[in-house]
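Structure first, then comments.
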Amino acid sequence: MTESPDAQASKTEAAEAPSQSTPEPAAEAVTEEAAPAAEAPVEEAPAAEEAPAEEPAEAPVAEAAAPAEEPAPEEPASVEEPAAEAPKAPKAPRAPKPKAPKPGAFKAPSPAAVAKQTTHTVVAVPVAAEVPEERFEEALAHGLVEDGKAFVIVAEERVEVGPAADDEALKPYAHAFFELEAAVERFHARLASAELSPKDIDESIATIEAVLTPPSVVGDLDTLVERYAAVKSEAEETRTRIHEERRVAREAAIASREEIVATAEALAAKPEDKVHWKNDTATLRGLLDQWKEAQRSGARIPKDVERALWTRFTHARSAFEKARKHHFAELDRSNADVATRKEDLVARAEALAQTTDWDHGARGFRDLMNDWRNAGRGRRSVDDALWKRFQAAQDSFFEARRGAADAEDEALSGNVEAKEAAVAEAEALLPVKDLAAAKQALRPIQDRFEAAGRVPRADIARLSKRMAAVEKAVRDAEDAEWNSRNPELEARASGAAAQLHSAITALEDEIAEAKAAGKNTKKLEESLAARQAWLKQIEGLA
């Protein structure tokens, strides 16, 4: 029994349905529930991964268009027509041609509407099984059967589409026409609502054109071709836009990777004394994380470019790591040398802390401290531990010295009174009026001052300073007396006075002559004033 057109459509849809492993439905798959919004977008793999396997090509519409070999269906007598009249079918009155949807009829929803949904918006498209009977008849009006062949009228010309026994055999061709029409509209809807790749667009165009050229369907091909031309133009614009967006994204991704590599190379090229090992190591690890993130979520870049950049990045990281290991190896050796030197200083300090030769011990600790400063800096934990030992030995010595000095001061405190009395007796000699008597009285006072012995450290400077002041006053008085009776000094003063008298007389004569001649006498007068001042001083000494 002949299958109904709906049953034929179901078989055709099953033949066109893609396999479950395909990540995206084929562009021309025909199912009543098919909707572009439910199609999963094809995501680009990270740059570091292998390119995904080629997606299976979409099911060709041409296969669906080919009618199945089956006996002509039985129809009521009122419907049957003589076979001889079949070629006259094109001359029958035609219903108005159905108007194809205008380009852009399936517009993408607004961004706000898309944001409220988890998938693409469902856009209604024609389904061949749901074509009204009157449209089906209109499509049949564009075909005819002649000499066992089916023809379609395209631009007033007959084009053979396949074998056909009679007019009833045109129905599968008409059904294939609506399948093709639905495929065109689904393709247009996917352009607006799905994320198609240029490959998807090219395959869809190739699949549709395989059915259109040469045609293998019966229907209003003039209108369908016009509609398909508009959809194809929009698809090519979309493909160009996607190519440009990918080119820009690829260039940005390459620039981002280049920046990562350049930063790593700059770190690796730093002089060792300029490297901050902790911060720069953290920066380099962050650059590696950025590279991995770019692989996972960034645009794919050409393999050869990525490989070259990765090679540079790896070399920079290796050079930095090699320098870091060398630096810390040298640092470990330096730290070990510093620790050895400071261990020796600590041992010497601990031995010196036991001495009771306070002067020798103080000089020794001063020298050890200078050696410690020149020993360099080592590992902080080791340095701190050694410094605590060194400081403990030093503190121990100076605490012992302070204790001994305090005990000594206490023992010497009894001598302060005798020294105080000697100093007071010496200060009673001031001011010096009789130099000889003062000198004679000061000598026994000085002897008693020395005989009083040592005093505590706090009193030494005070008492010594007071006694020294008395001794200086006596010496000054003695010097003044000697100078006032010094014959040699008097002779020198007399000789100088005579010379100045002679010079003054000569200058006075010269000034008088200059004034008589009307000359300037300023310099001569200044010289005269200076010599008169000198003479006055000399005469005062005399």
Side-chain angles (χ1 to χ4, degrees), residues 273 330-430 439 442-476 478-479:
D273 58 338
E330 290 295 324
L331 186 60
D332 287 342
R333 283 192 288 272
S334 174
N335 289 342
D337 293 342
V338 171
T340 300
R341 289 195 295 271
K342 290 189 174 180
E343 281 279 3
D344 178 64
L345 294 176
V346 169
R348 290 163 57 189
E350 289 174 341
L352 189 60
Q354 307 303 318
T355 185
T356 56
D357 186 345
W358 310 120
D359 291 339
H360 170 73
R363 290 192 299 271
F365 273 105
R366 182 191 58 199
D367 295 340
L368 289 175
M369 180 61 74
N370 291 333
D371 293 342
W372 181 280
R373 293 192 186 98
N374 297 328
R377 299 180 62 181
R379 194 179 302 277
R380 176 175 295 181
S381 58
V382 177
D383 266 8
D384 290 347
L386 291 172
W387 173 248
K388 286 181 180 179
R389 290 174 55 192
F390 184 89
Q391 197 172 36
Q394 184 174 250
D395 292 345
S396 174
F397 169 79
F398 285 105
E399 283 292 337
R401 192 181 74 161
R402 276 193 295 272
D406 291 343
E408 185 180 17
D409 286 347
E410 186 176 357
L412 297 177
S413 60
N415 300 334
V416 174
E417 185 177 354
K419 278 193 178 282
E420 283 273 8
V423 170
E425 188 177 354
E427 288 175 340
L429 300 177
L430 301 180
K439 290 173 61 178
L442 182 59
R443 290 191 189 95
I445 294 174
Q446 289 174 326
D447 293 339
R448 287 195 299 274
F449 182 84
E450 294 296 332
R454 296 170 57 198
V455 294
R457 289 169 297 170
D459 298 312
I460 292 176
R462 176 177 62 83
L463 296 174
S464 298
K465 185 177 181 181
R466 290 170 62 188
M467 179 60 74
V470 175
E471 292 172 345
K472 182 177 182 301
V474 173
R475 284 197 303 273
D476 290 344
E478 187 177 13
D479 291 341

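What you see is a predicted model, and the numbers here were worked out from it, not measured in a lab. Here, residue 1 is the first one in the sequence, and each next residue gets the next number.
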Ring-plane angle category for Trp387 and Trp372, please: parallel below 30°, perpendicular beyond 60°, tilted otherwise.
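The arrangement is tilted - the two ring planes meet at 30° to 60°.
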Value rounded to 0.5 Å, distance of OG1 in Thr355 from CZ in Arg401
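Going from the OG1 atom of Thr355 to the CZ atom of Arg401 covers 12.0 Å.
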For residues [X] and [Y], report the shortest heavy-atom separation together with the two atoms involved.
| X | Y | result |
| --- | --- | --- |
| Ala375 | Leu345 | CB-CD1, 4.5 Å |
| Val423 | Leu463 | CG2-O, 3.9 Å |
| Ala426 | Val470 | O-CG1, 3.4 Å |
| Ala353 | Ala393 | CB-O, 3.4 Å |

I'd like to know whether Arg377 forms a side chain to side chain contact (heavy atoms under 4.5 Å, CB included) with Asn335, so could you lay out the CA-CA distance, the side-chain angles of the two residues, the decisive distance to 0.1 Å, and finally the verdict.
CA-CA 7 Å; Arg377 299 180 62 181; Asn335 289 342; over 6 Å; no
Quick test of your reading of the model: are [X] and [Y] salt-bridged, counting only N-O distances below 4.0 Å?
| X | Y | result |
| --- | --- | --- |
| Arg341 | Asp337 | no |
| Arg466 | Glu471 | no |
| Arg348 | Asp344 | yes |
| Arg379 | Asp332 | yes |

For the pair Arg380 and Asp384, evaluate salt bridge (Lys or Arg N to Asp or Glu O under 4.0 Å) and give the outcome as yes or no after the intermediate values.
CA-CA 6 Å; Arg380 176 175 295 181; Asp384 290 347; 5.2 Å; no
Between Ser396 and Ala392, is there a donor-acceptor pair closer than 3.5 Å when you use the side chain of the first and the backbone of the second?
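Judged by distance alone, no pair lies under 3.5 Å.
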Between the side chain of Lys342 and the main-chain N/O of Gly376, is any donor-acceptor distance below 3.5 Å?
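Yes; at least one donor-acceptor contact below 3.5 Å.
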Do the non-hydrogen side-chain atoms of Lys419 and Arg462 ever get within less than 4.5 Å of each other?
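The answer is no, as the side chains (C-beta and beyond) never meet within the 4.5 Å cut-off.
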Stepwise side chain to side chain contact (heavy atoms under 4.5 Å, CB included) check, Gln394 with Glu350
CA-CA 8 Å; Gln394 184 174 250; Glu350 289 174 341; over 6 Å; no
Is there a side chain to side chain contact (heavy atoms under 4.5 Å, CB included) between Phe397 and Leu352? Walk through the geometry before answering.
CA-CA 8 Å; Phe397 169 79; Leu352 189 60; 5.6 Å; no
Step-by-step side chain to side chain contact (heavy atoms under 4.5 Å, CB included) determination, Glu425 to Arg448:
CA-CA 10 Å; Glu425 188 177 354; Arg448 287 195 299 274; 2.5 Å; yes
Going by the side chain to side chain contact (heavy atoms under 4.5 Å, CB included) test, name the single residue among Leu386, Asp383, Val382 that passes it with Val338.
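The residue from Leu386, Asp383, Val382 that satisfies side chain to side chain contact (heavy atoms under 4.5 Å, CB included) with Val338 turns out to be Asp383.
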